[in-house]
Amino acid sequence: MPERIAIVIPSRGMNALLAVAIDHVQLALEQVADRASGTIIVCDNATDPPYARADLPAIDVLLRYDEHRSFSEACNAGVAASACDLVLLLNNDVLLHRHALDEMLDLVHEPLMGIVGTRLLFPDGTIQHCGVVFGEHGPFHDRARRPTTIVPRAPRYLQCVTGAAQLVRRDVWEQLGGLCEDYPFGYEDVDLCLRARQLGYRVACAQRVDSIHFESQTPGRVERDVPSRRVFLERWHGRWSIDAEELPYGA
Amino acid sequence: MIVYAVPSAGIFGSIKVAHQFVDLLQAEGVAACIATPDGKASGWFRSQAPVVARAWALDHLGDGDAIMFSLPHDHAELRRSGLPLFFHCQGTDPLIDPVLRDENVAVLTCWQQAYDYVLAAGGRAPTDVGISIAPAFHHRGEMKDPHVATHMPRRGREIAEQLAEACPDLHLVPIDGSDEAEVAQMMRRAGVYLATAEGEWFGLPALEAMAAGCVVFSVPVLGGMEFLEDGINCVVGDVEHLERELATLFAPARAAHWQSLRHAAIATGLRYRREAQAVKVAAFAATLPERMRRPLGLPRA
């Protein structure tokens with residue numbers, strides 16, 4: 001029986017980009033149609049004017065917040081609205097490669113696997129995400145802004161992957177209670193991965209293909225990052241294992 | 001799930017070995033994590049091991065889960081949990097004897113002499129799970145400064161200083177207080193490592209130094225003799241012997257001898273690659289019941 005994937009896209013504005021992102025999700029779903037089916041859920045996070053259902057013909061569910069909520073709340077609401085085996089959290093500025101889901105599905109069925117990410121590039125071809133690593137001062141995107149050609153294509157097993165494109169087993173999601181809603185915007189994905197690993201689940205990042213992530217396109221996104229980081233550090237500082245050397249500030 | 005309980009996050013070799021073991025267990029598909037008294041992680045070496053607080057772990061572990069430990073002082077407390085226990089035997093201090101006699105504790109060993117000790121003192125054959133050194137230590141052909149001698153002053157500072165007097169051109173560089181990456185850099189750059197902890201139960205730095213291409217001068221130790229081969233890959237002897245050898249460190253006639261020891265030491269270090277230990281850990285993991293390999297269930301009511 002095909003697995004059911006809930007693709008949850010919290011979104012605010014960026015209508016045209018959202019439409020293209022959804023097109024890419026559909027292409028990726030077509031590639032795995034023999035083993036998975038997808039339900040696309042868009043959580044309209046106080047877009048003004050609200051998204052019109054008619055403008056998003058490919059989606060299955062449109063949720064709406066009239067007041068801006070956190071990324072976590074929007075994602076949790078989206079997942080709660082679906083019956084699924086797997087959850088794919090997806091940012092509205094991620095253009096999935098058509099084979100990205102294929103490899104992510106392979107990985108998510110490895111023993112102990114709880115959460116799987118995928119390699120994301122900036123539009124200029126440099127790495128936006130190939131895994132999140134931890135230095136003394138906190139988590140950071142490994143090899144960010146470096147050419148995609150320098151990182152091997154074998155899957156990487158990490159402490160964390162970005163929530164911009166994050167496939168989570170639904171049973172693991174439920175066991176963890178979804179994303180923590182204390183985070184205004186940012187670091188809730190790191191929190192989820194760390195909590196999953198504490199229970200013994202593994203986290204991996206698919207590397208075979210390059211998807212595109214424009215990153216931080218949503219208005220107000222950056223301003224919410226600082227209080228989120230504060231919440232994260234209060235909760236986790238000194239509690240992560242260091243698996244990378246931090247680059248000097250500004251490098 | 002296997003929770004490896006460690007006594008602290010401090011700079012002790014046994015803490016690092018525990019993290020390496022958990023990393024390898026995870027890679028073999030066994031759910032595992034580290035438990036420290038306060039849930040704080042070690043920050044002085046590279047690892048991906050998840051870390052939880054010991055009290056949290058004891059509260060959440062349930063049927064099918066197990067606890068691993070290496071400090072004999074933890075035996076009594078952990079035994080009260082009623083969960084299956086694994087003792088990861090890293091040394092051969094007689095303090096571990098009561099643990100070895102506890103039939104409810106499965107014993108794993110990482111050194112040959114630990115294996116032999118368990119056999120003799122515990123009357124049973126343990127499971128050899130090996131030990132490895134971090135990739136950062138392996139020599140990569142960097143230029144070495146033969147005048148630099150690294151050493152761990154925590155034990156045997158006086159001996160190191162005495163040895164340095166025998167070879168005035170030697171410059172002592174202490175490695176304590178540094179994180180793993182810095183220690184590895186220092187060792188890869190140094191020509192010599194002075195292993196000065198007499199009666200050492202467990203001497204990982206000497207092995208790391210060998211992998212880094214240092215000529216190791218070691219006082220006799222209790223742990224580590226499986227890789228310390230006097231005259232082949234290092235020099236082992238009492239302080240007087242080490243002094244005599246060090247006095248010839250820069251003698252042209254002995255240059256080939258020291259180079260030979262250095263190369264043999266690097267080769268010895270390669271026997272302790274992480275990949276080599278992974279084979280042993282995989283064999284151990286294959287013996288675990290399926291329910292012990294699974295992630296932690298929901299908290300008990």
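Being a predicted model, the structure only gives us computed values, none of them experimental. Note on naming: letters A, B, ... go to the chains in the order of the sequence lines (proteins, then strands), and numbering restarts at 1 for each one.
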Given 3.5 Å as the limit, does a donor-acceptor pair link the side chain of Arg197(A) with the main chain of Cys33(B), or not?
no

Among Ala9(B), Ala49(B), Ala32(B), which has the most heavy-atom pairs under 4.5 Å with chain A?
Ala49(B)

Among Arg202(A), Glu110(A), Gln159(A), which residue has the highest count of heavy-atom pairs closer than 4.5 Å to chain B?
Arg202(A)

Could you tell me whether the side chain of Asp243(A) reaches within less than 4.5 Å of the side chain of Ser47(B), counting heavy atoms only?
no

Checking Asp179(B) against chain A: side chain, backbone, both or neither under 4.5 Å from a heavy atom?
neither

Max heavy-atom pair count under 4.5 Å with chain A, selected residue of Ala27(B), Ser42(B), Gly43(B)
Ala27(B)

The interface call for Val30(B) against chain A, heavy-atom contacts under 4.5 Å, is backbone

For the backbone of Trp240(A) and the side chain of Lys40(B), can you confirm whether one donor and one acceptor N or O come within less than 3.5 Å of each other?
no

If we ignore hydrogens and angles and just use 3.5 Å, is the side chain of Ser241(A) paired with the main-chain N or O of Pro50(B) as donor and acceptor?
no

Hey, what do you get for CG (Leu296(B)) to CD (Gln175(A)), rounding to the nearest 0.5 Å?
7.5 Å

May I ask you to name which of Leu158(A), Val172(A), Val133(A) has the most heavy-atom pairs under 4.5 Å with chain B?
Leu158(A)

Nearest-0.5 Å distance that lies between atom CD1 in Ile242(A) and atom CH2 in Trp44(B)
12.0 Å

Distance col, row Gln48(B):CD vs Phe134(A):CZ, nearest 0.5 angstrom, shows 9.5 Å

Inspect the surroundings of CZ in Arg143(A) and state if more than 12 heavy atoms from other residues, nucleotides or ligands are less than 6.0 Å away.
no

Minimum-distance pair of heavy atoms, taken over all atoms of Leu112(A) and Pro295(B)
CD2-CD, 3.7 Å

What distance do Gln26(B) atom CD and Tyr201(A) atom OH have between them, rounded to the nearest 0.5 Å?
12.0 Å

Distance check, rounded to the nearest 0.5 Å: Gln198(A) atom CD versus Ile34(B) atom CD1?
12.5 Å

Near Arg235(A) CZ, under 6.0 Å, is it more than 12 heavy atoms from other residues, nucleotides or ligands?
yes

Which bit of Trp56(B) comes within less than 4.5 Å of chain A, counting heavy atoms only: side chain, backbone, both or neither?
side chain

Please determine whether the number of non-hydrogen atoms from other residues, nucleotides or ligands lying under 6.0 Å from atom CZ of Arg35(A) exceeds 12.
yes

Within a radius of less than 6.0 Å around CZ of Arg271(B), do more than 12 heavy atoms belonging to other residues, nucleotides or ligands occur?
yes

